[in-house]
Structures are given as C-alpha cells and as structure tokens.
Q: 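One structure, as structure tokens, below. Some questions next.
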2 protein chains.
Amino acid sequence: MKYDPAQKTTRGAVRTLKAFSETMLIMLGEKPFEKISVNALCEAADYPRATFYNYFDDKYDLLTYCWYRMRREVHLDQISGDPTDASFMAAFDQIYHLFDSHHDLLIAVVSHNPLDSQLVNHFIQYFTSVFTELFTARAKPQELKTPVELVAKHYSSTVLLIMEWIFLGQHPTTREEAEVYVRELLEPRFTCVE
Amino acid sequence: MKYDPAQKTTRGAVRTLKAFSETMLIMLGEKPFEKISVNALCEAADYPRATFYNYFDDKYDLLTYCWYRMRREVHLDQISGDPTDASFMAAFDQIYHLFDSHHDLLIAVVSHNPLDSQLVNHFIQYFTSVFTELFTARAKPQELKTPVELVAKHYSSTVLLIMEWIFLGQHPTTREEAEVYVRELLEPRFTCVE
DNA sequence: TTTACGTTTAGACAGTTGTAAAACATTCAT
DNA sequence: ATGAATGTTTTACAACTGTCTAAACGTAAA
C-alpha cells in the first residue's frame, strides 16, 4: 500500500481513507470493478481526484486498503502460539467467522463480479498472503521433504479455497461442515480413521 | 476469449493471432505487463490498433490466448482415462514437462513481473482452471464429505502452487522431487509409510 | 472483367489515467 | 499572532483506451 497505516495518520487522513474505502465497497455492490473509474469514485466520495492519488497508487491500491480494514477487524495475530492441531482449527474458525461476518457484503460484491474476475482474485490473493504469513509463523518443525514455505502456502490457499467455495461460490455451509472439509483436504488420515 | 480458436480461422487470421501473441511474450520478457500499452504492442507487432481490437477485447484477452497456445502444445486431454494414482502422476508429469519446456520464457517474464503481479496471477488462474476441468473429468468416486468440485480445485491449485514454486519462484527442482512434494501435500499417508 | 462480400485499416471521438506545478489551508512551535 | 512545515486541492497535461464510421483491400463467383 502507498499509504502505510502503521504511520502516524492524522485524524483527517483517517477520515479520508475511510471515506474512499467505504465508497468503494458500496460501489462494488452496485457494479463490476472494471466499470468503477477513479473519477466516479471521487465523485461519489466527494473528494477531488488528486486527493485520491495522494493516498493510493491506483484502484487496486485502494482495494488492498479495503481488505486491510476488513482483516483488521479480527485479531488473527494472537493465534501464532503453539503449533498443535487445536490451534490450527482455532485459526480456521476465526477465519470462518471473519468471512461470515461480512456475508452480505460478499454476496453483493459477487453478484456484480464473477468468481474469476480481477476483483475476486485480488481479494483471494490478499487473504492468502495474510494467512501464509500466519501459518509460516506457526509452522510445525517438519518431517517432510517439502519446504516449509510451500507447505504454509498450501495450507492458506486451501483454507481460502474453502472460504471462496462457501462464501463467494454461494454454497451455504456450517462451520462444522467447513471443518470437516479442511480436515479431509489437508489430512486424509482423518478420513481413514473415521 | 473473443476469438474462438475452434472456429474456422483462415490462414490470415492464424498469422495475425500468432504475431500478436508472440510479440506479447517477447515484450513480457522486456518490461512489466502494466507498462505494455496496446499502442506499443501494435507498434511492435506492426499491425494497426483496429486489428488488435478485431481479435481481442483487451490486453488480458490476448494474454488468455497466449496461455491457450502454450497449453495446446502438450496433449493433456488423453489422460482422463482411469482414475488410478498412476494416471494422476502421469498427468502431473506432463504438467511438469509443459512448464519445464518453457523454462527460459518463464524466467524472463518473472524478472519483470513479480509473483504477486496481475500477470502471474492471470497465468496461474488460467492453468488452474484448465487443470480443474481435467481433474473433475477424472475424479474418483468419492468416500469424502467434501464436494467433488472442491476436491478437484484443491488438486489443481496445489499442483499449480508447486509449479509456481519451482518455475516462477526460482527453486530448481527435479521432476522426482516435485513428485514427492505433490504426494506429501495431497496424500500425507505417503510420508507415514516412508 | 466486373460484381459482391467480408475483412482490414485509418482516422476521429469521448472518456480515463497518472503526474506535476502551483495555489491554497491547517497545524503548531515560537 | 507569525511564520514554517505540512498536507490538500486546483488545474493542466500527455498518453492511453475502447468504440465507431467510412474508406480501402482482397478474393472468389458470375
């Protein structure tokens, strides 16, 4: 992101950032992302174009900030403690809750932006990278030949795949069912025992 | 794709499509995708802009055609026979070979387009969807609770993840090692036996 | 050769993008 | 309050995008 939220961020800046990101989310529920011009966005947010470019490199940069705000609502960081299976499922549950709490927004957005659109892609990729970091931080000491980073990416992309299936692909699924999916996909042993 | 390659495609059309896609691949080895304008592309390919829009909706549509041509070089379709593990690994090997045979091109492209760029994303997504179809077609009758489509997506995204790691992430890996990775990620049982 | 057809091209259009310089506000310590 | 520093807005600009129309072109049948 062009604008680093870890910086000081004056009160005015916060207001501006918030205005742009909320306007973007509203417009995403109304039309496809490609049809949203920076012009129209500034019009709707009632800020001059130059201000937009003050804070963001481009449309995509604003998107990143939108996802950043969404992600921030849930405190995922606290999980990275011990690497037991229980803690993994705890992380998974928090992720499920994060998406579930934005259910309506996601439905609205997907109705104008297909699953293979740039927008959905950008969304998935953002959260994949967030979770990859998370999983890398709490990686088990490995008995595998596969590199740790690759395993972490595999975990996070699988979790995101399930979230995409449930919340963007419109396949209503309870948290318990979702937990079964993630176990089946990431630990086939689970199914042998049952 | 705007231009359906299953159509009649006259000799002239083939030449034009080829010229545009080859020019694009060359330019991707020289600069980031965002910096390649349709103008410059037509300049380099020596075709008028109107001709470009005759064949493609936009830059991204041309990209899709580039990946289509690449994909077409290898005959992946013949695999979808019986759903044994051996046939899965056969498919995996063909995919490995496909990427390996374009090793130099991929290196050049990645040197100007980071792994999280729109370009690489588009590339990964194209092949993921191709492989998802492939794996859906040859899916095992399931004993899992997880929906077949989701499992197929999981297979293909995992395979692509490994390909990305090896060929785009610059982690030289032999085919044999790659096979170990895919077994470890998709069938943890494998590591228990060893 | 002429006619007719579809495709390719040139040129122009309104709208968008990202940047840069200068004018304008705010904040805050002195 | 004054002035310096910082951030915001205005305005202007060159380049690009996607679409459209009409003219030019090639080719194949009459």
Q: Figure out the CG/C1' separation between A:D58 and D:dT17, and round it to whole Å.
A: 16 Å

Q: Report, as yes or no, whether the 6.0 Å neighbourhood of atom CZ on B:R72 holds more than 12 heavy atoms from other residues, nucleotides or ligands.
A: yes

Q: With no hydrogens and no angle check, do the side chains of A:Q94 and A:H75 hold a donor and an acceptor under 3.5 Å apart?
A: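 Side chains of A:Q94 and A:H75: no pair found under 3.5 Å.
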
Q: Would you kindly compare B:A40 and B:K2 by the position of their nearest DNA chain D nucleotide and give the one closer to the 5′ end?
A: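 This one resolves to B:A40.
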
Q: May I have the distance from B:F52 (atom CZ) to D:dC20 (atom C1'), rounded to whole angstrom?
A: 17 Å

Q: Could you check how far CZ of B:R49 sits from C1' of C:dT7, rounded to whole Å?
A: 19 Å

Q: Could you check how far CD of B:E34 sits from C1' of C:dG18, rounded to whole Å?
A: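 Roughly 14 Å, once rounded to whole Å.
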
Q: For a quick test of reading the model: is some side-chain N or O of B:Y55 closer than 4.0 Å to OP1 or OP2 of C:dT8?
A: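 True: B:Y55 side-chain N/O within range (under 4.0 Å) of C:dT8 OP1/OP2.
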
Q: How many Å lie between CG on B:D57 and C1' on D:dT17, as a whole number?
A: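 Taking atom C1' of D:dT17 as the reference, CG of B:D57 is at 13 Å.
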
Q: Which comes earlier along DNA chain C counting from the 5' end, the contact point of A:V38 or that of A:A50, where each point is its nearest nucleotide?
A: A:V38

Q: Tell me: CG of B:N39 to P of D:dC16, nearest whole Å?
A: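 That distance rounds to 5 Å.
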
Q: If the cut-off is 4.0 Å, is A:T51 near the phosphate of D:dT9, judged by side-chain N/O to OP1 or OP2?
A: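 Looking at the OP1 and OP2 atoms of D:dT9, one of them is under 4.0 Å from a side-chain N or O of A:T51.
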
Q: Answer with yes or no whether the side chains of A:E179 and A:Y96 bring together a donor and an acceptor at under 3.5 Å.
A: no

Q: Just to be sure I understand the rule, does A:F56 reach a base, reach only the sugar-phosphate, or reach nothing, if contact means heavy atoms closer than 4.0 Å?
A: nothing

Q: If you look at every heavy atom in A:F33 and A:K59, which pair is closest and at what distance?
A: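 Heavy-atom minimum between the residues: O-NZ, 3.2 Å.
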
Q: Can you measure B:Y47 atom OH to C:dT8 atom C1' for me and round it to whole angstrom units?
A: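 Going from B:Y47 (OH) to C:dT8 (C1'), I get 10 Å.
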
